[in-house]
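Have a look at the structure below before the remarks.
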Amino acid sequence: MPTPPLPHDPPPQAPSKPGNDECCHSGCTFCILEMYQEDLAAYEEALKAWQQRQQAAAAPAPQGVRKARKRA
């Protein structure tokens with residue numbers, strides 16, 4: 001069962017995909033499709049980091065190692 005997200009650490013939000021009619025196809029320096037791909041890559045990295053934080057928070061705290069007792 002998945003654990004609920006930490007309340008102070010919301011998941012990153014995916015960028016909005018541009019519509020088919022938002023690119024003018026004229027080779028702009030700041031093409032909306034290229035900017036979307038960059039934003040998507042940054043989102044995927046942030047999502048992986050967030051998932052790792054969530055897993056670490058959900059993992060049980062390590063307990064001290066007990067030494068074996070000697071038998072008399």
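What you are looking at is a predicted structure, and each value in this text was computed from that prediction instead of being measured.
For Glu34 (side chain) and Cys31 (main-chain N/O), no donor-acceptor pair under 3.5 Å exists by modelled atom type. Within the 3.5 Å criterion, the main-chain N or O of Pro12 finds no donor-acceptor partner in the side chain of Trp50.
Between the CD atom in Gln51 and the CD atom in Gln55 there is a gap of 7.0 Å [rounded to 0.5 Å]. Note that CG of Leu40 is 11.5 Å distant from OG of Ser16, once rounded to the nearest 0.5 Å. With values rounded to the nearest 0.5 angstrom, Gln54 atom CD is found 5.0 Å from Asp9 atom CG.
No more than 12 heavy-atom neighbours from other residues, nucleotides or ligands sit within 6.0 angstrom of CD on Glu45. Residue-environment remark: CD (Gln13) stays at or below the threshold of 12 foreign heavy atoms within 6.0 Å.
Residues Cys23 and Pro18 form no side-chain contact, since every pair of their non-hydrogen atoms from C-beta on lies 4.5 Å or further apart.
Between Glu22 and Ile32, the shortest heavy-atom contact is OE1-CD1, 3.4 Å.
Put simply, Leu47 and Tyr36 are part of the same group of oily side chains (I, L, V, M, F, W, Y) that touch within less than 4.5 Å, one to the next.
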